[in-house]
Amino acid sequence: MEVRVRYAPSPTGLQHIGGVRTALFNYFFARSKGGKFILRVEDTDRERFSEESLKDLYETLEWLGIDWDEGPIKGGAYGPYVQSERSALYREYADKLIAAGKAYHCFCTSERLTELREVQKIEKKNYGYDRHCRNLSTEDVEKKKSEGFSSVIRLKVPLEGETFFDDLLLGRVTRKNRDISPDPVLLKSDGFPTYHLANVVDDHLMKITHILRAQEWIPSGAIHVLLYKAFGWEPPLYCHLPMVMGKDGQKLSKRHGSTSVIDFRKRGYLPEALINYVTMVGWSYDDSREFFTKEELEKLFSLEKINKAPGVFDYKKLEWFNGQYIRRKSEAELVDEVIPYLKKDGIVSENITEREMLIIKNMMTLMAERLHFMSDISELSRFLFHDIGEYTLKDIIPKKMDYEGTIRVLESARELVEGFESRSDEENEELFRKKSEEVKVKLGSMLMPLRVAISGSKVSPPIFGSLRLLGSEKALKRIDHVIELLKEELKKEEENGKQ
RNA sequence: GUCUCCUUCGUCUAGUGGUUAGGACACCGGGUUUUCAUCCCGGCAACAGGGGUUCGACUCCCCUAGGAGAUGCCA
């Protein structure tokens, strides 16, 4: 039998790490089995639905390169794949349940329900609906309806017995029926179905064979099995995935840091790094291998290697993965990646000039190993494109040196910056070494003031490469400017000394 | 409160009765080096606790503890 799985997000917020992890597992499972991956939009919560979330869903999946075989936009034999377009269907199936005595109308107001819950909480009694309307007669229902009271449809959960499902990962999960949420709502008063009804009806109609979803759904599993039984259908196979947690062990959420994929994207994470890392929380291949391309995972993924225990999302490790993937890219690829960030941060012009392009192309070899995120590029390369705003004089002066010494060192270095480009890096290094010996300072003590003068910072890409990219003409101007500043400072100091 | 699930280094994990319990990130040291970074080498560090079963338990069973999730006209 062909494997058919689905990712069924609800467009009520931005796609987050947890959701994407579920999508990935489903996608990889389908691909590894030569089956179908279906996307279904569960937009039955009209209050929280947002167009932006829906857009984000599509963009995120596209960015990650997860394409669905059936689903919205694309279509398929079991559509529509957007639940709000299937409303009539759910009503029809809910009515069937009522006719069969497996569900009932409930007229309780949300005020009553809220009050009920509060009382239960205070009395520390078992929470849940008190089945107030469970035994309303047909006449009662008709009367209420004719009086204009709105109703919901609830599932009649059996009072006795137990319900179980055999989870592919967890084994048999059994619940006594009396422990199941008492009579969950299937059809809301606005006519839209709840998740329970919609997912069961759709999964059955769409011939879904396996349900891979997060473990937070385990408690609902029994409800769903009860629904399948009520309809006389065979439930699909379940596999409840371990949850993704924050550092404190709680369900990953915004307070742990960025959780929406779009945030990672903006920050300059590469999709391949995110895919690789996210898949590794909860799944492993063997005792050593941890780098996988999407294509490899499409072949290698297997349910057997999924871990049962929840996993903590480690931002540090993702960062490391990202650096690794950045360094695996070719210079040409990096150039393409980096340009949007440079434009966005105003480092280069919107219509990149020839000169800018030349620098970008030549700088990547210096930049690549210094990037953890693509967005790091702007701060790192700013000095190549723009003048330096302010110098921190303190940074220019090496340890154990004063203004005079630094000026002397810079003036010596300046001599070598002239004609710098016509010599090789090796030649230049040799010259700088000799020169520093002459001036009787360590090479580092000569290069640091030069570095600050040229880049404006104590931290920069290698100085020779930077000089070459910047051009000696500009470099000389910056050096002269710094020497000037130092001289002014020296003068002030002398005047203060005289007083 | 009740129910369900989970439990190997700080974190992600390998391990399926006999291993010096392996790897990766992080961290700490060292090396390369013109800063930073990269890279290389080394180190620290774990089977939650208690009972069984067994010649032998990280591995199987039970209990306890801890953690998490659910308990919505949200998914």
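The chains referred to below are lettered A, B, ... by the order of the sequence lines, with proteins before strands, and numbering in each begins at 1.
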Could you tell me if the ring centre of [X] sits under 6.0 Å from that of [Y]?
| X | Y | result |
| --- | --- | --- |
| A:F301 | A:W283 | yes |
| A:H204 | A:Y93 | no |
| A:Y27 | A:Y7 | no |
| A:F264 | A:H16 | no |
| A:F291 | A:Y325 | yes |
| A:Y315 | A:W320 | no |

For [N], the Watson-Crick or wobble counterpart (both distances under 3.5 Å):
| N | result |
| --- | --- |
| B:C60 | B:G52 |
| B:U4 | B:A68 |
| B:U32 | none |
| B:C27 | B:G43 |
| B:C74 | none |

Pairwise side-chain contact, A:H196 with A:S220, heavy-atom cut-off 4.5 Å (strictly under):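 Heavy-atom side-chain distance check passes, below 4.5 Å.
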
Lys/Arg-Asp/Glu bridge criterion (N-O < 4.0 Å) met for A:E319, A:R267: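 No salt bridge links A:E319 with A:R267.
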
Pairs under 3.5 Å (N/O, protein and nucleotides 70-72 of chain B):
unit_1 : atom_1 : unit_2 : atom_2 : d
B:A70  : OP1    : A:K251 : NZ     : 3.1

Do any side-chain nitrogens or oxygens of [X] fall under 4.0 Å of OP1 or OP2 in [N]?
| X | N | value |
| --- | --- | --- |
| A:N307 | B:A14 | yes |
| A:Q250 | B:A68 | yes |
| A:R213 | B:A75 | no |
| A:K317 | B:G23 | no |
| A:Q324 | B:C39 | yes |
| A:K305 | B:U13 | no |

What does [X] touch in the nucleic acid at a heavy-atom separation under 4.0 angstrom: a base, only the sugar-phosphate, or nothing?
| X | result |
| --- | --- |
| A:T174 | sugar-phosphate |
| A:P310 | sugar-phosphate |
| A:G282 | sugar-phosphate |
| A:S284 | sugar-phosphate |
| A:E429 | sugar-phosphate |
| A:T44 | sugar-phosphate |
| A:E319 | nothing |
| A:R327 | sugar-phosphate |

Rounded distance (Å) that lies between atom P of B:U34 and atom CG of A:L450: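 Value for this atom pair: 14 Å.
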
C1' atoms of B:C60 and B:U53, separation to the nearest Å: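 Going atom to atom, C1' in each nucleotide, I get 8 Å.
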
Donor-acceptor contact present, side-chain A:N428 to main-chain A:F420, <3.5 Å: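 Such a contact is found between A:N428 side chain and A:F420 backbone.
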
Those residues of residues 454-461 of chain A lying under 4.0 Å from RNA chain B by at least one heavy atom: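 Those residues are A:K458, A:V459, A:S460, A:P461.
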
A:H256 and A:D248: side chain donor to acceptor below 3.5 Å: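 Distance-only check passes for A:H256 and A:D248.
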
